[in-house]
Each structure stands twice: as structure tokens, then as C-alpha cells.
Amino acid sequence: MFPKPLLRAQLRSAPVNGHTAFIPHVRKVVLEFCQHNPSSNNARIFISNDLDRVVRQNPHVEFVVKQRNGHEPIARGFYANGRDKVIPLQRLEVNGIDRKVQLILDSSGAKIKALKKGRIVESSTAAARGIWSGLHVDTPFTI
């Protein structure tokens, strides 16, 4: 007769992307570079000139610039699903680094799934119209 009490665990809901909300996949982007290594020249130029624009366009993402002397430059993205993605930046021009950072921002962080080659899609039911054949038309097709 009495209503069943609601437990706090029953009131929780997991946030999901849908028509009413959008949760970005990427949480944090870390740019690591060396102050003295010549392979980090373009990364340093990108950080000093273009990073401010990227940060302003993505206010939902935390950007960290880390100096690691003696290491090659990398961009590392951390995602909401707990995964991370690391992209080396040592042989890229400034616009290439911009594209790689944008790739990290646009990625979902999900594991890359290989497409199966040679796999044919087959239906378990017959098509409503059947399979078209040039032998079953009133006027034959001629070349």
C-alpha cells in the first residue's frame, strides 16, 4: 500500500549524446615539445602563433602545453571513454600540426575497427521487387 522508496542509485543517469544534449568526446589535449630540439621548431611556432585561436574555438577542452627537453614533439588527446590518442609532430609543418590537433579534437577516442575485405552483405529475406535482370524486360537492352 505504501509507495516503494526511491533509492539514490536509481536516480542516476548516464549522460548520452542525443537530440537534447551534446557531450564532447575529447576532454584534454596535451602538446609536448622540446625547447632546444630542431624537430620542435614548427611545434613551437604553432604554440606561439596558432594555439590561442584553437583554444578560443574549443572552450570545452582543456589545453596543456608541456615542455619536455630531449623528446620529440607530440600531441596527446584524452577522451571521455578513458582512452587517449598520441600523434607525433616532428616532421609536420605548422598547418599539418593544426590539422593533427583538429583530428584529435574531432575524434571520438573509440578503438579503430578494421573493415573486413571481401565480405558480402547478404539478406535473410528476399527483396520486395526481386533481382533485376536484363532478360526479363519487354524491350531488350542493346549496346
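We number each residue from 1, following the sequence as shown.
Under the side-chain contact (heavy atoms from CB on, under 4.5 Å) criterion, N58 pairs with V54, H60, V61, F63, L105, not counting sequence neighbours.
The two residues P73 and A43 come nearest to each other via the heavy atoms CB-CB, 3.9 Å. Taking both residues in full, the closest heavy atoms of L51 and I47 are given as CB-O, 3.5 Å, listed atom of the first, atom of the second, then distance. Residues E72 and S39 share a closest heavy-atom pair of OE1-OG, 2.7 Å. Minimum interatomic distance between G109 and N81 (heavy atoms only, all atoms of both residues): O-ND2, 3.3 Å.
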Is there a side chain to side chain contact (heavy atoms under 4.5 Å, CB included) between N49 and V94? Walk through the geometry before answering.
CA-CA 10 Å; N49 297 342; V94 176; over 6 Å; no
Using the side chain to side chain contact (heavy atoms under 4.5 Å, CB included) rule, take L31 and K66 through it: C-alpha gap first, then chi angles, then the decisive distance, then the call.
CA-CA 6 Å; L31 297 171; K66 186 189 269 187; over 6 Å; no
Show the numbers, then the answer: is there a side chain to side chain contact (heavy atoms under 4.5 Å, CB included) between R68 and F33?
CA-CA 6 Å; R68 291 183 61 206; F33 70 100; over 6 Å; no
Take E32 and R76 through the test side chain to side chain contact (heavy atoms under 4.5 Å, CB included) and record every step on the way to the result.
CA-CA 8 Å; E32 299 178 3; R76 186 184 311 252; 3.9 Å; yes
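Evaluation of the side-chain hydrogen bond (donor to acceptor under 3.5 Å, both in side chains) test over residues 97-111, restricted to residues two or more places apart or in two chains, returns R53-D98, K85-S107, Q102-D106.
Atom CD1 of I104 and atom CG of D84 lie 10.0 Å apart (nearest 0.5 Å). To the nearest 0.5 angstrom, N95 atom CG is 9.0 Å from D50 atom CG. How far CZ of R27 is from CZ of F78: 7.5 Å, rounded to the nearest 0.5 Å. Within the model, atoms CG of N42 and CG of L89 stand 10.0 Å from one another, a figure rounded to the nearest 0.5 Å. Separation of atoms OG (S40) and CD1 (I74) is listed at 10.5 Å; rounding is to 0.5 Å.
Transitive grouping of hydrophobic side chains (ILVMFWY, heavy atoms separated by less than 4.5 Å) keeps V64 and Y79 in distinct clusters. Follow the hydrophobic side-chain contacts under 4.5 Å out from V30 and you never reach L103; the two are in separate clusters. With hydrophobic clusters built from ILVMFWY side chains whose heavy atoms lie under 4.5 angstrom apart, V86 does not share a cluster with V65.
More than 12 heavy atoms of other shown residues, nucleotides or ligands fall within 6.0 angstrom of atom CD in Q67.
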